[in-house]
**Q** 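Pasting a structure here, questions to come.
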Amino acid sequence: MSGRVRFVHAADLHLGAPFKGVAAEDEGVRRALVEAPYRALDAIVDLCLSEQVDFLVIAGDLYNSAERPVRPQLALADAFKRLESAEIRVFVVHGNHDPANDARALVGLPANVHVFAHDRVERVVLEREGEAVCAVYGRSFGTRQVTENLVAGFRREQADALAVAVVHANVGGRAGYDDYAPCSVGDLAAVGMDYWALGHIHEPGVVSASPLAVYAGAPQGVDPTQVGERGCYLVSAEPGHVEAEFVPLASVLWEARSLDVSDISTLDAIEDRVAEACADISASRGRPTVVRLTLTGRGEAHAALNAPGARAEIRARVRARAKELDPWVWVDLLTDKTAPAIDLDALREGSDLAADIVRIADRMLASPEAAAREIEAVFGPLTSKLGHAGIEMGPTQAAAALVERARDRVLDLVLEKEGQ
């Protein structure tokens with residue numbers, strides 16, 4: 001085998017996925033979120049065509065579920081037919097969201113598509129003008145929960161001048177993801193491939209430089225935790241040299257920002273500060289963005305934000321302003337983590353209830369580990385539910401933040417009662 005090949009590496013399309021945890025009352029925002037995964041698929045195909053690549057690999061989770069609704073199936077078939085017209089091959093493995101054994105194929109795929117088997121590693125040779133130029137290896141998930149090391153079954157044939165492997169797996173036990181098809185970077189290196197096209201982890205990035213192993217990431221984030229750029233990789237390979245370039249594709253981005261409002265005191269000024277942040281996001285991102293904003297800082301803004309209905313009204317007003325930006329920005333959440341304008345040093349020197357509260361909090365903050373243990377003892381059974389609400393329990397940093405927030409909230413109530 002000889003020659004240079006170019007291909008696109010994508011993964012985790014999750015077609016048919018619902019957008020979770022987003023209160024998108026605006027019809028235009030809702031429509032953009034629903035259409036975004038399909039626009040990402042079209043962008044992948046457009047990239048393949050414009051770059052005139054030899055093939056496309058998709059490393060699992062084409063669909064979001066085993067049910068595979070009709071629209072996602074038709075969309076994939078249409079996309080693959082566009083590639084077939086340009087004589088571009090497609091190599092696919094199924095992942096934990098769309099395992100092969102649960103397939104409900106309602107739509108036929110064109111002849112240019114090869115779906116790898118789930119019970120063995122397959123090797124497919126790519127030819128150009130009758131000459132073999134690259135071997136593509138892959139294995140699909142047969143069931144949703146694959147706990148065996150699939151990579152251990154890959155073996156490069158000695159005759160391969162170029163070898164690409166496609167697998168859906170958790171390399172190195174990445175936290176936050178199910179440990180399916182677990183393996184290590186050492187396992188990847190032992191097989192001798194030139195490039196590992198990985199799927200399962202939604203954040204794009206290079207896992208290993210030698211061999212070059214890359215997570216394409218999801219081409220479109222489908223929930224608020226998937227912040228930042230999303231896309232796929234354009235790969236160029238020849239014997240002895242492989243390089244991969246990340247190409248952003250997402251039509252809607254997710255963003256999370258903190259805004260310090262300690263220097264302002266009125267709701268109209270807070271609204272303007274939030275609106276300015278949205279304008280900056282619109283200009284810097286250059287694409288529609290769903291943002292979660294957290295207001296921080298100690299000062300008079302805290303009291304203003306705690307007025308009945310204040311945050312909801314600010315969010316509604318900013319949503320209207322930010323929706324008119326080009327591109328638009330949607331404020332999904334506006335969270336208040338400001339603190340009251342309290343002179344803790346002065347209170348600490350007193351002899352009243354407020355002083356006791358400050359000193360108790362001081363003792364807990366002096367040993368965050370102890371505070372974390374106390375909090376865990378009380379809230380442990382609620383940890384998973386609190387996590388869904390965006391409150392992380394366990395780490396000492398989270399414990400310290402919780403103590404500070406509890407201290408400030410209690411001080412608010414005590415001082416208000418005392419008329420201070």
**Q** With side chain to side chain donor-acceptor pair (under 3.5 Å) as the test, pick out the partner of S236 among H241, E243, R4.
**A**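 One option only clears the test, and that one is R4.
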**Q** Tell me if the centroids of the rings in F154 and W196 come within less than 6.0 Å of each other.
**A**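 Yes, the ring centres sit under 6.0 Å apart.
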**Q** Any donor and acceptor pair, going by atom type alone, linking the side chain of T289 with main-chain N or O of R285 inside 3.5 Å?
**A** no
**Q** What do the steps show when you test N149 against D187 for side-chain hydrogen bond (donor to acceptor under 3.5 Å, both in side chains), and what is the final call?
**A** CA-CA 9 Å; N149 182 350; D187 294 330; 3.1 Å; yes
**Q** Is there a donor-acceptor pair under 3.5 Å between the side chain of N64 and the backbone N or O of G16?
**A** no
**Q** Which residue in the set D336, D260, V261 passes side-chain contact (heavy atoms from CB on, under 4.5 Å) when paired with T296?
**A** D260
**Q** Any idea which heavy atoms bring A197 and V57 closest together, and the distance?
**A**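 Closest approach of A197 to V57, heavy atoms only: CB-CG2, 3.9 Å.
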**Q** Could you measure the distance from the OH atom of Y180 to the OG1 atom of T147? Nearest 0.5 Å is fine.
**A**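 Between atom OH of Y180 and atom OG1 of T147 there are 9.5 Å.
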**Q** Ring centres under 6.0 Å, that's the criterion: do H97 and Y63 meet it?
**A**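 Centroid separation for H97 and Y63: 6.0 Å or greater.
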**Q** In Å and rounded to the nearest 0.5 Å, what is the CD1 to CZ distance from I88 to F80?
**A** 12.0 Å
**Q** Hey, what do you get for OG (S265) to CD1 (I270), rounding to the nearest 0.5 Å?
**A**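 So the OG of S265 and the CD1 of I270 are separated by 8.0 Å.
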**Q** Spell out, as yes or no, whether a donor-acceptor pair under 3.5 Å connects the side chain of R287 to the backbone of A250.
**A** yes
**Q** Within the distance-only criterion (no hydrogens, no angle test), does the side chain of R298 pair as donor or acceptor with the backbone N or O of A339 below 3.5 angstrom?
**A**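 Not at all, since once roles are kept as given, no pair shorter than 3.5 Å links the two residues.
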**Q** Please round to the nearest 0.5 Å and tell me the distance separating atom OH of Y215 and atom CG of N170.
**A**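 Separation between the atoms: 5.0 Å.
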**Q** Short question: side chain of R31, backbone of D26 - any donor-acceptor pair under 3.5 Å?
**A**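 No, the answer is negative, given that no donor and acceptor are paired below the 3.5 Å cut-off.
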**Q** Report yes or no: does R292 contribute a side-chain atom to a donor-acceptor pair with the main-chain N or O of L333 at less than 3.5 Å?
**A**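 Answer holds: no.
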**Q** Is there a donor-acceptor pair under 3.5 Å between the side chain of S140 and the backbone N or O of F116?
**A** yes
**Q** Under the ring pair (Phe, Tyr, Trp, His ring centres under 6.0 Å) definition, can you give me all pairs with a residue in residues 257-314, not counting sequence neighbours?
**A** none
**Q** Could you go through the side-chain contact (heavy atoms from CB on, under 4.5 Å) check for V235 and Y195 one step at a time?
**A** CA-CA 9 Å; V235 184; Y195 184 87; 3.6 Å; yes
**Q** Ignoring hydrogens and angles, tell me if any N or O in the side chain of D61 forms a donor-acceptor pair with the backbone of H14 under 3.5 Å.
**A**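 Judged by distance alone, no pair lies under 3.5 Å.
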**Q** What is the distance from atom CG of D362 to atom CG of L344, rounded to the nearest 0.5 Å?
**A** 8.0 Å
**Q** Is the distance between the ring centroids of H9 and F7 under 6.0 Å?
**A** no
**Q** I would like to know whether V92 and H114 meet side-chain contact (heavy atoms from CB on, under 4.5 Å); could you show each step before the answer?
**A** CA-CA 6 Å; V92 171; H114 181 86; over 6 Å; no
**Q** Tell me the closest heavy-atom pair linking A17 and V222, and the distance in Å.
**A**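 Looks like CB-CG1, 4.3 Å.
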**Q** Using 0.5 Å steps for rounding, measure from the CG atom of D12 to the CD atom of Q220.
**A** 13.0 Å
**Q** When you measure from the side chain of S367 to the backbone N and O of M364, does any donor-acceptor pair fall under 3.5 Å?
**A** no
**Q** With side chains defined as the heavy atoms from C-beta onward, is the minimum distance between L188 and M193 less than 4.5 Å?
**A** no
**Q** Can you tell which of E238, E51, Q52 makes a side chain to side chain donor-acceptor pair (under 3.5 Å) with R6?
**A**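 It is E51, the one option of E238, E51, Q52 that forms the side chain to side chain donor-acceptor pair (under 3.5 Å) with R6.
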**Q** Would you indicate whether E300, at its atom CD, is surrounded by more than 12 heavy atoms from other residues, nucleotides or ligands within a distance under 6.0 Å?
**A** no
**Q** Verify side-chain hydrogen bond (donor to acceptor under 3.5 Å, both in side chains) between Y177 and E203, making sure each step is shown before the conclusion.
**A** CA-CA 11 Å; Y177 290 87; E203 291 75 28; 2.7 Å; yes
